[in-house]
Protein chains: 2
Amino acid sequence: MMADKVTSFDVARLAGVSQSAVSRVFTPGASASAATRDKVTKAAEELGYRPNTLARAMITGKSRVIGVVVAYLENQFYPMALEYLDRALKERGYHILLFMAQNDGNVGQIVEELMSYQVDGIITASVDMSNDIAKRCDDAGIPVVMFNRGQETGTLAQVTSNNIEGGRTVAHFLASGGHRKIAHVSGWQGSSTGLDRMRGFVDGLKDHGVEPVAIEDGRYSQDDAAIIARKLCGTSDRPDAIFVGNDHMAFAVMDCLRFELGLSVPEDVSIVGYDDVPIAAWPAYDLTTIRQPINKMVTATVEILLARIEQGAASERIQIPGPLKIRGSARKPKGFST
Amino acid sequence: MMADKVTSFDVARLAGVSQSAVSRVFTPGASASAATRDKVTKAAEELGYRPNTLARAMITGKSRVIGVVVAYLENQFYPMALEYLDRALKERGYHILLFMAQNDGNVGQIVEELMSYQVDGIITASVDMSNDIAKRCDDAGIPVVMFNRGQETGTLAQVTSNNIEGGRTVAHFLASGGHRKIAHVSGWQGSSTGLDRMRGFVDGLKDHGVEPVAIEDGRYSQDDAAIIARKLCGTSDRPDAIFVGNDHMAFAVMDCLRFELGLSVPEDVSIVGYDDVPIAAWPAYDLTTIRQPINKMVTATVEILLARIEQGAASERIQIPGPLKIRGSARKPKGFST
DNA sequence: CTGAAAGCGCTAACAT
DNA sequence: ATGTTAGCGCTTTCAG
């Protein structure tokens, strides 16, 4: 067990050069002769030297760390986002400092910690208090971009899929499939995503002269979604199609219909979700859903954030369209095209 | 947009005290008079001062950051572990720097980065190259504990559930249920967890005078598991029970049996998994499985790691027993007790 | 191109 | 209890 106490001075001594020479060799855009570079590299190797990122961060003012704030990791969408995020960030030489937001809104604490760790930027992924965090950090001069959540108005950077368009597409699909008694279990109506999907959906239905028979706020909770499904479909007057605000709630709705109410999907009721998480493709659900282009969304998020960090670019608000992924959980219109 | 350039000097000036006084007020175990504390707190508040963690880390040699290395986030078990980990660590004043291990084993790179960020400790969660990373970091003097993976021999710290016992319990359960043609789709046989579950299972079966009809390595892959299921159950000579090495593979096996082969679970084939991720409780699967006590495992992991970091305690290797969670995917023995 | 010197913001002896 | 003084390990002018 040898502690990692090798400093640039040790390397300098062994290499017979100055400490700053060592620094230069390890600093990407610095000048050093081939000879020096060689000696230093060798000495460093021999001693197992590795620049101390903290020291570097202190002096440059850049930690190369991005604070990522996420809320629920139970919905498969977020772990996946995290995975992509890490990959994209690593490629650019950044790392993720993880913050789990408890729902009991300790926003202040999180902001404090983010700042004290000198993160270069922040990504909030679908966190309820995104706006709050974002505003405070942005005010403090730390670039923030909100992933998969936005605000109605404002200038904060954000990346979402085109939720309005997505909702509209689902409406078009369902109405074209001949459904007329259509309900919606929305995503949390306190979130832009939930709201937009709902609005797009209602709007799209209107184009077909259809009014939703019910709209209930599922609040992104599987339990709530199941309760709503039970209520909606427990009577003979049930809807023949339900658009559910995200896949995880859709799974809960399907389970409720099939195993509790003894209904068939899609024969009795068509179900459409939103996200296209991997589970949606599992045969047990085979869920028709709007695919959130997570990869593109992540790429855009990282792009925008780093542009802001490295070039001081302006905040952007991006919407990426997500196609309908047609599977077996909803009756298919003949010759349907989005 | 005001940059966060407030230092302890600024606060000191405004408060009319020395810079070290400010430092003391913000250092947990330091002495300062109520008066000083008061003045400083006020001044800090007014200026929006927040100690620079990096500077502190540099001097104390403690970053209060734990590097967490994970591989697949698609298996729900890991995101959950991550969530618990964050909670437990946060409680002790630590944060998570996240590292995704690509399978193409860039171990060296990850180790480099972990060290250069001066993490105080490392947790590797079910990463294939756990051993490799662990050894190298441990050699460098950074405490490591392996979560949900271990090594046959050695002294590196590790926390797992009692996989041997778990496998044995499943064997007992299945045999008691009257099954005699029992197969096993194992976890990756290159991992201690996969191996132990398999061994315990085979051993437990032996107690009942039963020999498994087949053992195949599912390598923790859903695709592989499905392929194996297809092969195993595609003939009339199929097993009447399958123990699958983790829940996610079990879901794939069930889907294959039900939707591809037209078989019923548990009527035709009983399925038992391992992990008890939330999905296992969803009605569509209702999976009987060994529950990995993730919360206890995480608590123990954090405990061991911090004991090593803060008190220089020795490495521990802990196994936590996991009970069988009986649901509907496997025929139930009458009056069964573990 | 290279070395010397000045810090980054803070903690930890050391005196007082 | 408080101020003074050294640095932590590194990057970055600044001369040479």
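FYI, side chains are in, hydrogens and waters are out, and symmetry mates aren't considered; it's all heavy atoms of this structure. A note on names: the letters A, B, ... follow the listed sequences, proteins ahead of strands, and every chain is numbered from 1.
- Within the 4.5 Å cutoff, the side chain of Ser161(A) has heavy atoms near those of the Met297(A) side chain.
- Among the atoms of the strands shown, base atoms are found under 4.0 Å from some heavy atom of Ser23(B).
- Listed nucleotides: dA1(D), dG9(C), dT13(D). Nearest to the side chain of Arg24(A): dT13(D).
- Less than 6.0 angstrom separates the ring centroid of Tyr49(A) from the ring centroid of Phe26(A).
- Among the atoms of the strands shown, base atoms are found under 4.0 Å from some heavy atom of Ser20(B).
- Between the CE atom of Met58(B) and the P atom of dT11(C) there is a distance of 12 Å, given to the nearest Å.
- Two residues, Val17(B) and Gln19(A), neighbour DNA chain D, and the one matched to the more 5' nucleotide by heavy-atom proximity is Val17(B).
- Distances from the side chain of Ile59(A) to the nucleotides dG9(C), dG7(C), dA12(C) place dG7(C) closest.
- Contact annotation for Ser31(B): base contact, defined as any heavy-atom pair under 4.0 Å involving a base atom.
- Taking 3.5 Å as the limit, the base of dA1(D) and the side chain of Thr36(B) contain no donor-acceptor pair of atoms between them.
- Enclosure of atom CZ in Arg219(B) is not indicated, since only 12 or fewer non-hydrogen atoms of other residues, nucleotides or ligands lie within 6.0 angstrom.
- Residue-to-nucleotide proximity on DNA chain D shows that, of Thr60(A) and Ala21(B), the 5′-proximal contact is made by Ala21(B).
- Using a 4.0 Å heavy-atom criterion, one finds that Ala32(A) contacts the sugar-phosphate atoms exclusively.
- Distance Arg37(A) CZ to dC1(C) C1': 11 Å, rounded to the nearest Å.
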